[in-house]
Amino acid sequence: MTTAKRLATAHVGVAVGAFGIAAFMALMQALSRANLDLPWRTARMYYLSVTAHGVLMALVFTTFFIMGLGVALTTSALQRPLRFPALGWGAFALAAIGTAGATWAILWGKATVLYTFYPPLKAHPAFYIGLTLVVVGSWLWSADIIATYRAWRREHQETAVPLAVHGLLATIIVWLIATVGVAAEMLFQLIPWSLGITDRVDPMLARMLFWYFGHPLVYFWLLPAYVVWYTVLPRVAGGKLFSDSLARMVFALFMILSAPVGFHHQFMDPGIPTGWKAFHAFNTLWILFPSFVTAFTVLASLEVAGRRRGATGLFDWIGKLPWSDPLVASVLLSMLLFAVGGFGGAINASFGMNSMVHNTAWIQGHFHLTVGSAVALTFMGTAYWLVPRLVGRELELVLLAKVQPYLWFFGMALFSFTNHVTGLQGMPRRVFDPGYLGAPAADQWRALTGVSAVGGLLLFTSAAFFLLVMLGTVLAGKRTDNVAVEFAEPLDGPPARRTVFDRFGLWVTVAIALVLLAYAVPLAQHLQMERFGSTGFKPF
Ligand code: HAS
Ligand code: CU
């Protein structure tokens, strides 16, 4: 096993472990929402569990999986080892230590602040410092991938970088720009405050910094999934990538448009002028475009695959796709769910309509179709393809791996669609009491929350299948030498030389200019106001 493979395996291992704990928490929440009287059911347990679920799924599972996938794909596509293997291990260790600290704080009931950790809710310093270490670890990982790319570039001055690495570098650029915001929030606000160095914190500034980070964060999750859709899926499905340059254009657009949109999470917040919110709303509508292009390009690639498998009619290529392959099924089903989730995103982003859905169950419906399906289901499918190649063993318990994506799909459909509906009926998100403190509509919501709990059960079963397949493969899979990581070829052949899409410096410059345009004035205005701040609250 090469160092890169060992490092990638370690990352995926932590990711899968975090996923397992988080999935268990989710089961308890789903049952608790359906008003099932579990013996340990209290508000304190509920919020502890939701915090653990959100942090471990959305922040830990994703980040570690992306770091592992990044190492594996970069070294395979560039056909060279990591530039600084020790740095890679250092990054892993730092992120793992940080995760341990944050997880300890949550599970010991010292950080019941949910995954958005909005002040004035206050957590133990280990929570904030732990998550900061995860980010610092991811920065070191980014540096290593960039250094590996630059070493390759020195020897290939005019060649286009392999598409998978293009997408990963776009991911890293989005991430580096985004994390400036959360680093500032942690270092200047939350860490000194939780350590008792300052006694007040400005929640509005914290929310601005958080959402400056929080929206591009979702594309940090999504872009690696897109990398798999563009560069791995067409090959496994037996086709070719429909267009290499469209894919590069998509990644370039994400580099520049991911950040200047954060106020679409704060449409209902006071203190931000309406004009600036509207500007972020327009930018958000622009960023729908690269996902529409992705829907087109990936579907076209799948059509190519279906036709190469013998389809001749208008739609029979859909049936010809290998729907029983775990990777292909995971991605196709995640795309179907994402089509609905993306549609919901456009509604969220439409300034006025946001008032209808903000802080309702609609939002958890939305993000379980995006990060919980487009991303998480794609990552699980990717693990079925990648882990055997990392550990040199065949996939074990294949039947479970084939069924698992379908269980996830149906579970998520039941869970998310019902949450969209109850959200429109006004059911708030993040409220523990299933009677909603006597809200008259609570009876109306009850049947659908029951259905969503059934969805939760299916999802938990699906998650358990995934864990069994992973454990089985690593421990008992048949040894194999068939470990090559291979990528889809573009229909029109690989690009002859690097084009404008490969000029990362240019995209970074435009991205920074757009960030300044979208944030400099509202941030400066906010800082000029008299700010009183708030002391901390620890409800549990
Ligand atoms: Fe979002 C809230 C707007 C995408 C995650 N989002 C959230 C939150 C999360 C999240 C976690 O404007 C909650 C945060 C919290 O806790 O408060 N979101 C959007 C928009 C998009 C979008 C415009 N979100 C994502 C992605 C996420 C994610 C991706 C995670 C990975 N979101 C919002 C807004 C809010 C929000 C507001 C704040 C709401 C509020 O009030 O709090 C877009 O990027 C979506 C683009 C996607 C598409 C879909 C393309 C479809 C494809 C598949 C096609 C497949 C087909 C069928 C056709 C346009 C690529 C295939 C057929 C076969 C045969 C297989
Ligand atoms: Cu957003």
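Indexing begins at 1, ligand by ligand and atom by atom, following the structure's order.
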Take the Cu ion (ligand 2) as the vertex and measure to NE2 of His265 and NE2 of His264; round to 10°.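 Answer comes to 100°, rounded to 10°.
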Taking 4.0 angstrom as the limit and counting only heavy atoms of [X], give me the atoms of ligand 1 inside it, by number and element.
{"X": "His358", "answer": "40 (C), 41 (O), 42 (O)"}
{"X": "Ile363", "answer": "13 (C), 39 (C), 40 (C), 41 (O), 42 (O)"}
{"X": "Trp221", "answer": "30 (C), 31 (C)"}
{"X": "Asn354", "answer": "39 (C), 40 (C), 41 (O)"}

If the contact criterion is a heavy-atom separation under 4.0 Å, does [X] count as touching ligand 1?
{"X": "Phe267", "answer": "no"}
{"X": "Phe343", "answer": "no"}
{"X": "Trp211", "answer": "yes"}

Is the closest N or O pair between Tyr118 and ligand 1 shorter than 3.5 Å? no
When only distance counts, is Tyr115 in polar contact with ligand 1, meaning an N/O pair under 3.5 Å? yes
May I ask you to check whether Phe61 and His53 place their ring centers less than 6.0 Å from one another?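 Aromatic pair excluded; centres sit 6.0 Å or further apart.
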Are His11 and Phe65 near enough that their ring centres are under 6.0 Å apart?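 Ring centroids of His11 and Phe65 are no less than 6.0 Å from each other.
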Please name the atom of His215, restricted to N, O or S, that is closest to the Cu ion (ligand 2). ND1
Run down the list Val371, Leu333, Leu288 and name the one with the heavy atom closest to atom 46 (C) of ligand 1.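 Of the listed residues, Leu288 has the closest heavy atom.
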Of the choices Arg429, Gln266, Gln364, Glu303, which has the non-hydrogen atom that lies closest to atom 16 (O) of ligand 1?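 Heavy atom nearest to atom 16 (O) of ligand 1 belongs to Arg429.
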Would you say Thr378 and Ser334 are linked by a side-chain donor-acceptor pair, where the criterion is simply a distance under 3.5 Å? yes
Decide whether Ser243 and Arg248 meet the rule of one side-chain donor and one side-chain acceptor closer than 3.5 Å. no
Do Pro119 and Trp193 have side chains that approach each other closer than 4.5 Å (heavy atoms only, starting at C-beta)? yes
Would Thr62 and Trp221 satisfy side-chain hydrogen bond (donor to acceptor under 3.5 Å, both in side chains), going step by step from the backbone distance to the final call? CA-CA 6 Å; Thr62 50; Trp221 300 329; 3.2 Å; yes
Take Lys122 and Phe537 through the test side chain to side chain contact (heavy atoms under 4.5 Å, CB included) and record every step on the way to the result. CA-CA 6 Å; Lys122 191 175 190 179; Phe537 289 87; over 6 Å; no
Over-ring placement of Arg207 relative to Tyr118, 6.0 Å and 45° cut-offs: yes
Check whether any N, O or S atom of His215, backbone or side chain, sits closer than 2.8 Å to atom 1 (Fe) of ligand 1.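 No N, O or S atom of His215 is closer than 2.8 Å to atom 1 (Fe) of ligand 1, so no.
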Note the single closest protein heavy atom to atom 25 (C) of ligand 1, along with its residue, its atom name and the distance in Å.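 Scanning the protein heavy atoms, the shortest distance from atom 25 (C) of ligand 1 goes to Thr370 CG2, 3.7 Å.
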Answer with side chain, backbone, both or neither: which part of Val218 has a heavy atom less than 4.0 angstrom from an atom of ligand 1? both
